[in-house]
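Worksheet: the structure to be examined is printed underneath.
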Amino acid sequence: MKSERSYPIYKVSKKAEASLVGGHPWVYENDILEFPETEPENGTLADVVSPKGAYLGTGFVSLKSKIRVRLISRNANDTFDASFWRRRVEYAWAYRKTVLESADLSACRVIFGEADQFPGLTVDRFNNILVTQTLSVGMEKLKPVLFPLLAEVLRADGQTIDGIYERNDEALRAKEGLEQSKGWFELPGENHPASTQTEICENGVYYHVDFENGQKTGFFLDQKYNRRAVARLAAGHTVLDCFTHTGSFALNAASGGAARVTAADISADAIAMAQRNAERNGLTNMDFLCEDTFELLPRLEKEGHPYDFIILDPPAFTKARRTVENAMRGYKEINYRAMKLLPRGGYLATASCSHFATEELFIKMLRSAAKDAHRQLRQIEVRQQAPDHPILWGVPETNYLKFFLFQVI
């Protein structure tokens, strides 16, 4: 029996109904046919119904955003109390324990937004610290209930959690009417750690993590198994890791037995961090370059440096549909240059973390680059983000990472 409804109601178009029934959780403002008589408070709950009045789900209202409602449930009998959210956290953690190896649970994504039915919320675990990023007003209002539950659920499973740090220094918050900030979340009755730095171990490689100042939440966890794939092939090769950032692919290649690894990045701070991580792992088969990849690859091609394994893991070249064309030109340039630089029989690992650079566009770009470079690509592996960043098929926005491993012949 359905519970009696007490929430404001948004009636949506047939287009929106089809999208919601297909699994997508967002209701856009321009797809709403009828608004509640009294405007609900920003960040509170509302029901969504079809043009004929059939219940479609309940979600958080965002009055400042083009996404007016973000669904959290499609069950009319749900009660959205602390027990509901505890179950959601337990479900997300149980999923990680199932799909990840036990050694990977100390550094993983615990909550991945819509894919875990926490719209606009990211929670990453770095050893003893949970780092959060909140990009929806509904989740922002829920923090006093939800964040203590996060710590409680993991601690109940024997995990050591010493604090929760918020990385809300993200421009997207403005679209929800939220200010940017960062700092410790005060867990009731607890003191937070003094340091905003910690250490993690991934694939047997140790990393220093500055979760206050590092990019996003402090470290990119989504490529952990792709880094392992690179390490498996690296033995005996001379490796160039472009856009190295904290040195993650380079470190995996070096620990995998590469003859020599060069880690390159345009950022001096990134290079310093990569060097620090190399020293922490006792890796002496590495050197470092602070240089723009778009200038580095043509220079190396001209000088004839003998790399036989190149890794391209750039930051997102586009974060909007309108800039995709320019982004694909950038992706083609670096992939073309890498293919020209590599000897026949060499290896190429290439990735894109932009949702808008779709797999179809990325493959088309790679074919074009190979044709222009007069190279054939022998596919070894095609991968996506690690399973702690789950892809929800009804929500294409959750599918963003492309990773290809080739032999160039």
Side-chain angles (χ1 to χ4, degrees), residues 215-216 220 222-223 225-227 229-230 233-234 237 239-245 248-250 253 262-266 291-302 305 307-386 389 391 393 395-409:
Q215 290 189 23
K216 300 291 186 180
F220 295 111
D222 51 2
Q223 296 261 35
Y225 295 146
N226 300 340
R227 294 170 188 140
V230 162
L233 288 180
H237 291 285
V239 181
L240 173 63
D241 178 24
C242 301
F243 309 97
T244 197
H245 188 41
S248 55
F249 274 107
T262 299
D265 201 286
I266 195 173
E291 192 169 346
D292 185 346
T293 296
F294 285 91
E295 298 176 359
L296 172 63
L297 293 176
R299 177 176 69 79
L300 293 177
E301 182 189 350
K302 185 177 180 180
H305 281 250
Y307 294 105
D308 60 3
F309 195 160
I310 295 178
I311 302 160
L312 301 173
D313 181 29
F317 285 172
T318 177
K319 295 184 178 181
R321 192 169 278 104
R322 66 181 181 277
T323 57
V324 166
E325 189 174 338
N326 286 338
M328 299 317 299
R329 282 196 288 268
Y331 285 121
K332 181 177 178 180
E333 170 67 12
I334 58 174
N335 280 275
Y336 165 78
R337 294 294 179 184
M339 293 175 199
K340 291 283 286 183
L341 177 60
L342 284 166
R344 296 187 187 277
Y347 294 88
L348 173 66
T350 183
S352 166
C353 61
S354 171
H355 159 68
F356 293 101
T358 63
E359 183 171 321
E360 181 182 4
L361 286 174
F362 201 67
I363 290 172
K364 182 180 178 181
M365 174 277 299
L366 288 170
R367 291 186 188 279
S368 179
K371 179 180 178 181
D372 290 354
H374 303 291
R375 295 289 194 269
Q376 286 277 2
L377 300 178
R378 179 150 58 194
Q379 180 179 303
I380 301 170
E381 290 190 52
V382 179
R383 291 171 165 262
Q384 293 170 311
Q385 59 252 37
H389 297 62
I391 296 168
W393 274 35
V395 189
E397 291 83 0
T398 61
N399 182 6
Y400 66 93
L401 182 63
K402 282 75 59 181
F403 180 86
F404 292 81
L405 198 51
F406 297 112
Q407 186 178 41
V408 178
I409 59 176

Value rounded to 0.5 Å, distance of OG1 in T293 from CZ in F243: 3.5 Å

Does the side chain of I380 come within less than 4.5 Å of L233's, by heavy atoms? yes

Which atom of I310 lies closest to which atom of A338, heavy atoms considered: CD1-O, 3.7 Å

Could you grab the distance from atom CZ of R227 to atom CG of D313, nearest 0.5 Å is fine? 7.5 Å

Tightest non-hydrogen contact, residues A351 and P314, listed as O-CD, 3.4 Å

Taken in chain and number order and not counting sequence neighbours, the residues that satisfy ring-ring contact (aromatic ring centres under 6.0 Å, His included) with Y225 are none

Residues 360-369 side chain polar contacts: donor-acceptor under 3.5 Å, at least two apart:
unit_1: S368; atom_1: OG; unit_2: K332; atom_2: NZ; d: 2.7

Side chains of V239 and V230 in contact at under 4.5 Å (non-hydrogen atoms): no

More than 12 foreign heavy atoms under 6.0 Å from CD of E325: is that the case here? no

Heavy-atom closest pair (Y400 atom, C353 atom, distance to 0.1 Å) is CD1-O, 3.4 Å

So CG of N399 and CD of E359: to nearest 0.5 Å the spacing works out to 7.5 Å

Is the closest side-chain heavy-atom distance between R383 and L405 below 4.5 Å? no

For residues A263 and A250, report the shortest heavy-atom separation together with the two atoms involved. CB-CB, 3.9 Å

Are I266 and F294 close enough, and set up right, to give a side-chain contact (heavy atoms from CB on, under 4.5 Å), and what steps lead you there? CA-CA 10 Å; I266 195 173; F294 285 91; over 6 Å; no

Report yes if the side chains of H389 and L401 come closer than 4.5 Å at any heavy-atom pair, otherwise no. no

Scanning both residues in full, the closest heavy-atom pair of R375 with V408 reads CD-CG1, 3.4 Å

For a side-chain contact (heavy atoms from CB on, under 4.5 Å) check, start with the C-alpha distance between L300 and L240, then their side-chain angles and the critical distance, and finish with the verdict. CA-CA 11 Å; L300 293 177; L240 173 63; 3.6 Å; yes

For the residue pair F220 and H245, does the interplanar ring angle fall in the parallel (under 30°), tilted (30 to 60°) or perpendicular (over 60°) class? tilted

Checking the side chain of K402 only, and the main-chain atoms of S354 only, is there a donor and an acceptor separated by less than 3.5 Å? yes

Of all the heavy-atom pairs spanning H374 and R344, show the shortest one and how long it is. O-NH2, 3.3 Å

Contact between Q407 and Q376 at the side-chain level, heavy atoms closer than 4.5 Å - yes or no? no

Could you tell me if the side chain of F404 sits less than 4.5 Å from the side chain of L377, heavy atoms only? no

For the residue pair Y331 and L312, establish whether any side-chain heavy-atom pair is separated by less than 4.5 Å. no

Between the side chain of R337 and the main-chain N/O of L297, is any donor-acceptor distance below 3.5 Å? no

According to the interplanar angle, ranging from 0 to 90°, do the rings of F309 and H237 count as parallel (below 30°), tilted (30 to 60°) or perpendicular (above 60°)? perpendicular

Answer whether the closest heavy-atom distance between the side chains of F249 and N226 falls below 4.5 Å. yes

So CZ of F356 and CE of M328: to nearest 0.5 Å the spacing works out to 13.5 Å

With side-chain contact (heavy atoms from CB on, under 4.5 Å) as the criterion, how do I334 and T350 come out once you've worked through the C-alpha distance, each side chain's angles and the decisive distance to 0.1 Å? CA-CA 10 Å; I334 58 174; T350 183; 6.0 Å; no

